[in-house]
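This report refers to the structure that appears directly beneath it.
Just so it is clear, the values below take in all heavy atoms, side chains as well, and ignore hydrogens, waters and symmetry mates. Lettering follows sequence order; numbering is per chain, from 1.
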2 protein chains.
Amino acid sequence: MSEKVSSRKQQVRAEDVARHAGVSRVSVSRTFTPGASVSDATRAKVLKSAEILGYRVNRLASSLNRSESGIVALVAAEIDTPHRAAMIAELSERLQAAGKVTMLINTSGYEERVKDALLQAISFRTEAAIILSGAPDPSLADTCFSNGMKLVLINREEDFPGSLQIGPDNRAAGKTALKALLRAGCKRIALANSANATWSIVERQKGFLAAAEEAGVDVLCEVDGFTSYQAGLELGTALLDREDRPDGIFCTTDLIACGVIDAARQRFGLRTPDDLSVIGFDNIQQAEWEGYDLTTFAQPTDQIIDKCLEWCTTEQPSSETVKLPAKFVWRNSVQKARVPMK
Amino acid sequence: MSEKVSSRKQQVRAEDVARHAGVSRVSVSRTFTPGASVSDATRAKVLKSAEILGYRVNRLASSLNRSESGIVALVAAEIDTPHRAAMIAELSERLQAAGKVTMLINTSGYEERVKDALLQAISFRTEAAIILSGAPDPSLADTCFSNGMKLVLINREEDFPGSLQIGPDNRAAGKTALKALLRAGCKRIALANSANATWSIVERQKGFLAAAEEAGVDVLCEVDGFTSYQAGLELGTALLDREDRPDGIFCTTDLIACGVIDAARQRFGLRTPDDLSVIGFDNIQQAEWEGYDLTTFAQPTDQIIDKCLEWCTTEQPSSETVKLPAKFVWRNSVQKARVPMK
DNA sequence: CTGTTAGCGCGTTCAT
DNA sequence: ATGAACGCGCTAACAG
């Protein structure tokens, strides 16, 4: 008769610790449950035995039992993009500090993935899903809600009931950008934007153009490509190649702005801010690199995350839409003011 | 008498679906278990009811039962650094494609966090932990192993039994870098490195210096600061400010290289490759930006991940150390060859 | 092919 | 303060 080999992976259980410490299994559970009552003597015995045996509470089991996983899903595409990476770094940092575990779901590629991401999150009884890319199908969102899962959309479209929608005030930033270019004395103002921009990026464009119309100035619009450095290079090249070359460009993204600046420098021999003023958005790390020294808008990341965590930890949060001001970061890619303020 | 309010979060269970479909609870389980035998009729009924009720298998429960979580932990610090972000993007992408779920643990800050990260991973019965930053305490590693958890160290120190250790062949790359600078006709060769470099980065330096000694050439070594763009700026400034200004610099990291190039351009009016040859390492996105056009080494990311996944999915993998060649990526930050090859 | 039974590891009653 | 019993939601094993 062959010995039966268990295919299950071995694991130290609370019962093992209890036997080793000579106490009941419940006492083990209690020593690891904050606020439970155990005598110091048994607690000490339990901790010692746990240490020796290498025991760790199985959170799969405890989560199942308590119906609280402590897991938060982070749904994002293009994770290696500077601003996105910074956001994820901050978020994961803060989630951990709040005692949560982050499950990262990469949705690069086909859009259908956002759906799969949420389904996976539901399967793990994730407490919340923070979505940085794409918007889920509303019906799917209902499934999330009915499973007690919270939904946060950062920098995403409006009209999504039941969730927290949060991001910078993109329109206001667009207006500020226009004013700054005017105040710098720019005569021919342009806008460089991706043709595949997200909703929040388009908002920046709208704010910029609305302010321009209000001020009665024309804007050269170059909208093409993706939201990337390479697109910035081409947008910049197209704009600077014109006979009526612009002298002030608002780029809806720092990545685009870096491309525009490089196009100016490498392809046209133009320098910022002397020959050209450029404003970006995001305040990515490269914005403060000496080769760019980019005037831009810093996303209110800290406040976004503050609000996000607060909302996620309240019992029955209600639908909410929050716009936070983006901070204008002055560096040296915009000509010093030549026009006095009104 | 007040009605008792359940504090547990509501959840659609297999039993609910079973009742709704008029079948047994096990049939529900079977329809969602690949390779289980259910008649098409009942499967259809189950799927329909599941759809209606919004049922999703609770993976906390199934993982507990089957002792297989399907979760892989990604342990990393400085997630927003270009190369690290790219690595995480790729890894999470591939893990998902392999049907795994990635749990991201950010260990930026104090070093103790790596320990906490692994303890957390153990709690969730993670199938493997892929460590991109820091090295765990060996005794802790044993706890991992005894809980059936695999350990992968990417770009980390050697002598770590029981794990897969994988990364580029840093020494070889260092040697290649030196040869390239010599072949470019550089007369005064320098090395720029962080004072807080990881083991793998120091290996690059060692390879470079060993090759220099072999070739009988002196190397100016500037080692200071962190592994960052800012450090590169200062390292570059220090080197280029010397009377015996170098004309060829190997930077152990692209980030440092970008800093060096900017120092040369912005602070000394020097251009690559005409006045100065620069070589980096990592092939980050910025390396191909037009302002840098950096000659560098591409990490063999794909192969690393291939091996990583393969190793993690084998039943009883044995200790292994793998060095993969880094690919030299020629761009335009190094003077064209002026010295014929030997 | 289907249903019944048992148990994954844990936390929370309810007793003592 | 401690122990016994129960159930979280699920799947594997065993009958029929």
Side-chain angles (χ1 to χ4, degrees), chain A residues 4-46 50 53-71 122-127 147-148, chain B residues 4 6-46 50 53-71 122-126 147-148:
Chain A
K4 186 180 175 186
V5 175
S6 170
S7 69
R8 290 187 181 278
K9 276 160 193 154
Q10 206 54 14
Q11 176 171 163
V12 185
R13 307 180 309 275
E15 190 174 343
D16 301 326
V17 177
R19 191 173 12 249
H20 186 274
V23 299
S24 97
R25 195 184 60 72
V26 189
S27 298
V28 178
S29 181
R30 285 202 246 261
T31 46
F32 291 104
T33 301
S37 54
V38 209
S39 73
D40 290 348
T42 54
R43 147 166 281 131
K45 282 194 287 187
V46 169
L53 299 177
Y55 171 74
R56 289 270 108 196
V57 173
N58 184 332
R59 289 197 60 178
L60 257 29
S62 77
S63 294
L64 173 62
N65 190 348
R66 309 190 315 147
S67 299
E68 280 188 24
S69 67
I71 308 177
I122 293 174
S123 289
F124 277 95
R125 296 309 186 256
T126 286
E127 298 184 352
N147 280 77
Chain B
K4 187 180 176 186
S6 170
S7 70
R8 288 186 181 279
K9 277 160 194 157
Q10 207 54 14
Q11 177 171 159
V12 185
R13 307 178 310 272
E15 190 175 344
D16 300 327
V17 178
R19 189 173 15 244
H20 186 274
V23 300
S24 97
R25 196 171 59 75
V26 190
S27 297
V28 178
S29 183
R30 283 202 248 262
T31 47
F32 292 104
T33 302
S37 53
V38 210
S39 72
D40 290 347
T42 55
R43 147 167 281 130
K45 281 193 287 185
V46 168
L53 300 176
Y55 172 72
R56 290 269 107 198
V57 174
N58 185 333
R59 290 198 58 178
L60 256 29
S62 78
S63 294
L64 172 62
N65 189 340
R66 309 191 320 148
S67 299
E68 281 187 24
S69 67
I71 308 177
I122 293 175
S123 289
F124 277 93
R125 298 307 187 257
T126 286
N147 280 78

Quick one: OG1 on B:Thr126 to CG on A:Leu60, what's the gap to the nearest 0.5 Å?
9.0 Å
Listed nucleotide nearest any side-chain atom of A:Ser37, set D:dT2, C:dT2, C:dC10:
D:dT2
Can you check the A:Asn58 CG to D:dC8 P distance for me, whole Å?
18 Å
To the nearest Å, give me how far apart CZ (A:Arg30) and P (C:dC10) are.
15 Å
Tell me the interatomic distance from B:Tyr55, atom OH, to D:dG9, atom C1', rounded to whole angstroms.
8 Å
When rounded to whole Å, the CD to C1' distance for the pair A:Glu15 and C:dC10 reads 11 Å
How far apart are the C-alpha atoms of A:Gln11 and A:Asn58, what are their side-chain angles, what is the distance that settles it, and do they pass the side chain to side chain donor-acceptor pair (under 3.5 Å) test?
CA-CA 9 Å; A:Gln11 176 171 163; A:Asn58 184 332; 2.8 Å; yes
Mind checking if A:Val38 touches a base, just sugar-phosphate, or nothing, with heavy atoms under 4.0 Å?
sugar-phosphate
Shortest side-chain distance from A:Ser29, nucleotide among C:dT12, D:dT11, D:dC8:
C:dT12
Among the nucleotides C:dG9, C:dG11, D:dC10, whichever has the atom closest to the side chain of B:Ser62 is D:dC10
In this structure, CZ of A:Arg59 is separated from CD1 of A:Ile71 (nearest 0.5 Å) by 7.5 Å
Within the side chain of A:Thr33, is there an N or O that forms a donor-acceptor pair under 3.5 Å with the backbone of A:Ala36?
no
With a 4.0 Å cutoff (strictly under), does any side-chain N or O of B:Ser39 reach OP1 or OP2 of C:dT2?
yes
For B:Ala61 and for B:Val23, locate the closest nucleotide of DNA chain C by heavy-atom distance; then report the residue assigned to the nucleotide nearer the 5' terminus.
B:Val23
Do side-chain atoms of A:Ser123 reach the backbone of B:Arg56 as a donor and acceptor pair under 3.5 angstrom?
no
Measure from the side-chain heavy atoms of B:Arg13 and tell me the nearest of C:dT2, C:dC10, D:dG9.
D:dG9
Which nucleotide sits closest to the side chain of B:Asn65: C:dG11, C:dC8, D:dT2?
C:dC8
Side chain of B:Leu64, heavy atoms from C-beta onward: which of D:dG9, D:dA13, D:dT2 has the nearest atom to it?
D:dG9
The side chain of A:Thr42 lies closest to which of these nucleotides: C:dT2, C:dC10, D:dT2?
D:dT2
Under 4.0 Å between a side-chain N/O of B:Ser27 and OP1 or OP2 of C:dG3, yes or no?
yes
Rounded distance (Å) that lies between atom C1' of D:dC10 and atom CZ of B:Phe32
13 Å
Whole-Å distance between C:dC10 P and B:Arg125 CZ?
7 Å
Using atom CG of A:Leu60 as one end and atom P of D:dT11 as the other, report the distance to the nearest whole Å.
13 Å
B:Arg56 CZ - D:dC10 P separation (whole Å):
12 Å
With respect to the side chain of B:Arg25, which nucleotide from D:dT11, D:dT2, C:dT4 is positioned closest?
D:dT11
